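All remarks here apply to the structure that follows.
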There are 2 protein chains.
Amino acid sequence: MDTLIKLLREKNCKITPQRIAIYHALNDSKEHPNAEAIYKKLAPAYPTISLATVYKSLELFSELGLVQVINIGENSFRYDSNTTSHPHVVCNICQRVEDLDNEFFQHLSERVESLCDYKIKNQQLCFYGTCANCIV
Amino acid sequence: MDTLIKLLREKNCKITPQRIAIYHALNDSKEHPNAEAIYKKLAPAYPTISLATVYKSLELFSELGLVQVINIGENSFRYDSNTTSHPHVVCNICQRVEDLDNEFFQHLSERVESLCDYKIKNQQLCFYGTCANCIV
DNA sequence: GTACTTGCAAATATTTTGCAGTTAC
DNA sequence: GTAACTGCAAAATATTTGCAAGTAC
C-alpha cells in the first residue's frame with residue numbers, strides 16, 4: 001500500500017491520484033489483469049483517465065520493482081503486484097490465472113545453470129490445464 | 001522433413017512450395033524465429049511470399065502439432081519445430097533463445113497438480129540470464 | 001474443375017510516442 | 001515556478017481477415 005508512496009517519493013516521482021488508483025486496482029485484484037482490464041476497472045471512478053497513462057504507470061511500477069510483467073501466451077501482457085518469483089497456473093477454458101507458491105520451484109535455476117553456460121537471473125514458469133471449476 | 005508432407009496429405013491440406021519453405025526455414029534454424037524473421041529469411045528466394053501466408057502457415061502447423069508457439073515475454077510470438085515440452089533459456093543481453101533438454105523438467109506438472117486443483121496439460125518454462133558469450 | 005491457398009490490402013489489437021495543457025510539490 | 005505527469009491523438013508494431021486471383025491435385 002504505502003510501499004508505493006514511499007518508493008515514488010524516494011525516486012522523486014510525483015504521487016498522483018492516477019498512479020495510486022492503478023496500483024491499488026492491481027494490488028486488490030487476484031486476476032492478473034492486463035492494461036485494458038485495469039483501465040476498464042478504473043473508468044467509472046476516473047472517467048478521464050487514459051489508457052496511455054495506465055501503460056506509462058505500469059511501466060514505471062515495473063522499473064521500480066513494484067509489479068512484475070507476465071505473459072501467458074496471449075497477445076497482451078498481464079501484471080502481478082506479487083513480485084516474488086512464483087509459477088502461474090492458467091486454465092485453458094476460463095483463462096483464469098492463479099499463483100503458485102512453493103519453495104521447490106525457486107531452486108530450478110541452479111539446475112538450469114548446471115545444464116548450460118548461462119548465469120540465470122530469473123524465471124517464468126507457466127503451467128496450462130483445466131481448473132477445478134472447468135472440469136465437468 | 002517429410003513428416004510435413006505426410007501430415008499435410010493426411011489432413012487433406014495442399015502441399016505448397018510456401019508451406020514447405022516456411023517449415024524448412026523453421027526446422028533448419030536454432031534461433032526460434034518469429035513470423036517476421038521467417039518472412040525475411042525467405043524473402044530473397046521467395047520474393048512474392050507474403051507475411052500473411054507465413055502467419056497462416058504457422059497457425060496451421062501449430063494446429064497439426066508440427067510446431068510449438070513460444071513466448072519469452074516479447075511482444076511477438078516465436079516458433080519452435082521441436083514440439084516436445086522443454087525449457088527455454090533466454091539471454092537478456094543478446095536475446096538468444098536456447099533449448100534445454102532434460103527429463104527432470106518433465107515431471108514438474110505432477111508437483112503442480114499436487115499443489116492445486118488443476119489438471120495440467122502442458123507447461124512453458126523460461127529461464128532468463130546471461131549467456132556464456134555475453135558474460136564479460 | 002474445384003476446393004484450397006496465396007498475396008494483397010484493409011482491419012484489428014496492443015502498446016508507444018509526441019506534445020500541449022495540467023498538476024504535484 | 002518548474003519539472004514531471006496526464007490525456008489526447010497519432011504512430012508504431014504485431015497479427016488477423018476478406019477476397020479476388022492463382023494453384024495443387
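Letters A, B, ... mirror the listed sequences (proteins, then strands); counts begin at 1. All values reported here derive from a predicted model rather than from experimental measurement.
In the region residues 7-16 of chain B, proximity to DNA chain D at under 4.0 angstrom, judged on heavy atoms, holds for K14(B), I15(B). Shown for residues 52-77 of chain A: residues whose heavy atoms fall under 4.0 angstrom of DNA chain D, namely A52(A), T53(A), K56(A).
Between the side chain of T53(A) and the backbone N or O of I49(A), no donor-acceptor pair lies under 3.5 Å.
Comparing the helix axis at one end of the helix from dG1(C)-dC25(D) to dC25(C)-dG1(D) with that at the other, each defined from 5 consecutive pairs, gives an inter-axis angle of 30° (nearest 10°).
For S114(B), the side-chain hydrogen bond (donor to acceptor under 3.5 Å, both in side chains) criterion is met by no residue, not counting sequence neighbours. Here R9(A) pairs with I5(A), I15(A) under the side chain to side chain contact (heavy atoms under 4.5 Å, CB included) rule; sequence neighbours left out. Among residues two or more places apart in sequence or in another chain, the side-chain hydrogen bond (donor to acceptor under 3.5 Å, both in side chains) test is passed with S81(A) by N27(A). A search for side-chain hydrogen bond (donor to acceptor under 3.5 Å, both in side chains) contacts involving T130(B) returns K121(A), not counting sequence neighbours. Here E113(B) pairs with K119(B) under the salt bridge (Lys or Arg N to Asp or Glu O under 4.0 Å) rule; sequence neighbours left out.
For the residue pair H86(A)/D99(A), the side-chain donor-acceptor check at 3.5 Å is satisfied.
A straight line from CG of L51(B) to P of dA11(C) spans 18 Å, rounded to a whole angstrom.
Contact footprint of chain B on DNA chain D: nucleotides with an atom under 4.0 Å from a non-hydrogen protein atom, first to last in 5' to 3' order, dA14(D) to dC25(D).
Of all the heavy atoms in Y128(A) and G73(A), the pair that sits closest is OH-N, 4.1 Å. The minimum heavy-atom distance linking S85(A) with Q123(A) is given by the pair OG-CG, 3.5 Å.
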Kindly list each side-chain donor-acceptor pair under 3.5 angstrom involving residues 38-47 of chain A, sequence neighbours excluded, with atom names and distances?
{"residue": "K41(A)", "atom": "NZ", "partner": "A25(A)", "partner atom": "O", "Å": "3.1"}

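When V67(A), L66(A), I22(A), L8(A) are each tested for a side-chain contact (heavy atoms from CB on, under 4.5 Å) with L60(A), only one passes: L8(A).
Annotation: of the two residues near DNA chain D, Q18(A) and E36(B), the 5′-most nearest-nucleotide partner is Q18(A).
Residue pairs meeting the side-chain hydrogen bond (donor to acceptor under 3.5 Å, both in side chains) criterion with at least one member in residues 64-77 of chain B, sequence neighbours excluded: N71(A)-N71(B), N34(B)-S76(B), E74(B)-R78(B).
In the hydrophobic clustering, where aliphatic and aromatic side chains (Ile, Leu, Val, Met, Phe, Trp, Tyr) are joined below 4.5 Å either directly or transitively, V136(B) stands alone.
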